[in-house]
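A quick write-up on the structure given underneath.
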Amino acid sequence: MYIENGIAYAGDKSPAITVCGIRALSDYKLWIRFSNGEAKEFDFKPLLSSPAFLPLKDEAVFKDVYIDFGCPVWKDGEIDIAPEYLYEHGLKVG
């Protein structure tokens with residue numbers, strides 16, 4: 001059990017997952033190292049049709065990914081994606 005903001009929750013609080021390493025790969029894929037030490041590969045292509053991610057169709061923009069406070073971002077922070085989403089949907093690598 002843990003208490004957060006005066007509310008008691010059952011179970012153990014799991015630490016927030018963050019991104020501590022990222023690299024753009026070919027074909028709109030990302031290699032990501034997470035704060036728990038795991039590395040995963042994430043295929044971004046299915047998300048490129050979403051209005052929020054349309055600018056990333058430009059491969060030069062996509063490859064300009066960087067980490068800001070544990071979160072992958074593009075275009076000076078205008079575009080980001082939750083580390084938890086990448087972790088849940090990424091494929092484990094090596």
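Quick note: numbers below take in every heavy atom, side chains included, and nothing from hydrogens, waters or symmetry partners.
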Ser50: what forms a side-chain contact (heavy atoms from CB on, under 4.5 Å) with it, not counting sequence neighbours? Ala52, Phe53
Cluster companions of Leu25 among Ile, Leu, Val, Met, Phe, Trp, Tyr (side-chain spacing under 4.5 Å): Trp31, Val93
Any salt bridge (Lys or Arg N to Asp or Glu O under 4.0 Å) involving residues 16-30? Give me the pairs, sequence neighbours left out, ordered by first then second residue. Asp27-Lys45
Ala10: side-chain contact (heavy atoms from CB on, under 4.5 Å) partners, not counting sequence neighbours: none
Hey, can you pull the donor-acceptor pairs under 3.5 Å for the side chains in residues 56-82, sequence neighbours left out?
unit_1 : atom_1 : unit_2 : atom_2 : d
Asp58  : OD1    : Ala60  : N      : 3.0
Tyr66  : OH     : Gly77  : N      : 3.3
Trp74  : NE1    : Phe62  : O      : 2.8

side-chain contact (heavy atoms from CB on, under 4.5 Å) filter on Ser35, not counting sequence neighbours, yields Ile17, Thr18
Residue pairs passing the side-chain hydrogen bond (donor to acceptor under 3.5 Å, both in side chains) test where at least one lies in residues 81-94, sequence neighbours excluded: Asn36-Tyr87, Glu38-Tyr87
Considering all heavy atoms of both residues, which atom of Gly21 and which atom of Val19 are nearest to each other, and what is their separation? O-CG1, 3.5 Å
Should Phe34 and Leu86 be marked as a side-chain contact (heavy atoms from CB on, under 4.5 Å) after you check the CA-CA gap, both sets of side-chain angles, and the distance that decides it? CA-CA 10 Å; Phe34 293 94; Leu86 296 172; 4.0 Å; yes
Which Ile, Leu, Val, Met, Phe, Trp or Tyr residues join Leu54 in one cluster when any pair of side-chain heavy atoms under 4.5 Å counts as a link? none
Qualifying residues under salt bridge (charged side-chain N to carboxylate O under 4.0 Å, His left out), relative to Glu41, sequence neighbours excluded: none
